[in-house]
Amino acid sequence: MAENLSPTVCLDGSAIRRIREEKKLTQFYVAKVVGVTTDTISRWENNRYPSIKRENALRLAEALEVLIDEILQLQKDDSPAASPVDAPRSLPLGMILLATFALLLIGTVLYFVFRGPDLPAPGLVASRVLPPIAAPGGILPVRVRLDPDPETKGYILREHFPPGWKLIEASPPASSLNNEEGTARWIVKPEEARHVIVYLLRVGSDAKLGGTGHFSGEIVANPNGSNTPTPVGGLNTVEIAPYLWADLNGDNKIDDSEMLTASEAFEEMKGVHLDWNQLEDIWDGEGYRWDSRQQRFFPVHPRQ
């Protein structure tokens with residue numbers, strides 16, 4: 001089937017996730033084989049990209065050890081055409097019009113009988129930004145970006161992170177915190193104009209390499225008084241690996257592109273104490289190494 005593929009193809013994200021989990025493969029492993037970041041794999045699994053290059057799809061199928069058609073969306077043109085024997089007989093036009101009118105009438109009646117009050121959409125959209133990797137005992141910066149509607153009258157944000165991971169600092173400070181259960185809440189008052197909430201986590205020292213840390217969250221910000229929560233969007237998984245959070249490709253170095261990406265994170269996380277000096281030291285040197293015993297990163301400098 002590969003020779004019949006177009007230059008771009010549409011992926012079936014749910015099939016990719018199912019196959020990867022059935023084969024017990026991590027996003028980090030698949031990303032390494034394909035030659036992309038774990039962020040890209042996560043976006044593919046969540047159907048964030050409508051189409052990708054054929055070459056990347058073939059490498060992805062190879063990484064998952066399946067045929068290419070097992071991870072592609074079934075297009076309308078691919079569905080088997082009905083044979084003349086199976087084709088339904090045409091109904092008279094009058095019957096079609098009568099049935100259409102009846103359905104419209106029933107739908108209209110049900111709408112006015114069962115509809116609730118006209119409720120405005122929630123006035124706030126929240127999206128989580130996570131590094132793709134985290135090391136046991138390491139620091140993980142988390143950002144929740146907020147896109148408020150002018151009519152929003154305050155809101156409550158709840159974040160759920162892996163139990164045993166410790167929230168050590170946040171801006172603004174969390175209104176309530178339970179590190180044992182992995183839950184933090186922020187209450188933001190109407191007069192507070194805030195477009196991002198950030199916090200630092202210390203990854204559990206017992207986090208197993210090759211595992212995954214899962215995040216979730218919800219926000220209540222409905223100006224009509226409803227308490228219905230809206231899920232926080234964005235990324236929700238982190239791969240456990242012996243790499244610094246800013247090392248997006250896991251090569252034990254911080255290159256110029258990764259440094260620029262990290263600088264954007266530091267800009268948004270001004271309210272917490274993220275170690276910029278450590279990144280500069282690694283960037284200026286030959287890279288870094290991870291000490292599994294101390295669960296710390298150390299810069300590697302050229303020999304004098």
Side-chain hydrophobic cluster, 4.5 Å single linkage: members besides Leu260: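 Under the 4.5 Å side-chain rule, Leu260 groups with nothing.
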Is Val129 isolated, or which residues cluster with it under the ILVMFWY side-chain rule of less than 4.5 Å, directly or via members? none
With sequence neighbours excluded, give me every side-chain hydrogen bond (donor to acceptor under 3.5 Å, both in side chains) pair touching residues 259-268. Arg143-Glu268, Arg145-Glu268, Glu267-Lys270
Which residue pairs pass the side-chain hydrogen bond (donor to acceptor under 3.5 Å, both in side chains) test with at least one member in residues 204-219, sequence neighbours excluded? Arg158-Glu218, His160-Glu218
How about Lys32: does its NZ atom have over 12 heavy atoms from other parts shown lying under 6.0 Å from it?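 Enclosed: over 12 neighbouring heavy atoms sit under 6.0 Å from NZ of Lys32.
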Any donor-acceptor N or O pair under 3.5 Å, side chains [X], [Y]:
{"X": "Arg185", "Y": "Ser176", "value": "yes"}
{"X": "Asn252", "Y": "Trp290", "value": "no"}
{"X": "Asp284", "Y": "His301", "value": "no"}

Salt-bridge test for Glu45 and Arg20: reply yes if a basic N is under 4.0 Å from a carboxylate O, no otherwise.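 Answer for the salt bridge query: yes.
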Indicate yes or no for a side-chain donor-acceptor contact from Glu169 to the backbone of Leu200 under 3.5 Å, with no hydrogens or angles considered.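 Here the side-chain-to-backbone pair does not exist.
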Describe, in one word, how the ring planes of Phe297 and Tyr288 are oriented to each other, choosing from parallel (under 30°), tilted (30 to 60°) and perpendicular (over 60°).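 Perpendicular, since the angle between the ring planes exceeds 60°.
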Give me the ring orientation class for Trp245 and Phe266: parallel if the planes are under 30° apart, tilted from 30 to 60°, perpendicular past 60°.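 Taking Phe266 first and then Trp245, their aromatic rings sit tilted (interplane angle of 30° to 60°).
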Path from Phe28 to Leu209 over hydrophobic side-chain contacts below 4.5 Å: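 Yes, Phe28 and Leu209 fall within the same hydrophobic cluster.
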Would you kindly confirm whether Ile197 and Ile156 end up in one hydrophobic cluster when ILVMFWY residues are joined by side chain heavy atoms under 4.5 Å apart?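 They do not share one cluster, since no chain of ILVMFWY contacts under 4.5 Å joins Ile197 to Ile156.
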Of all heavy-atom pairs between Ala57 and Ile52, which one has the smallest distance, and what is that distance?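 The answer is N-CD1, 3.7 Å.
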Applying side-chain hydrogen bond (donor to acceptor under 3.5 Å, both in side chains), name anything that partners Arg59, two or more places apart in sequence or on another chain. Asn56
Run the side-chain hydrogen bond (donor to acceptor under 3.5 Å, both in side chains) test against Glu159 and tell me which residues pass, sequence neighbours left out. Arg128, Tyr199
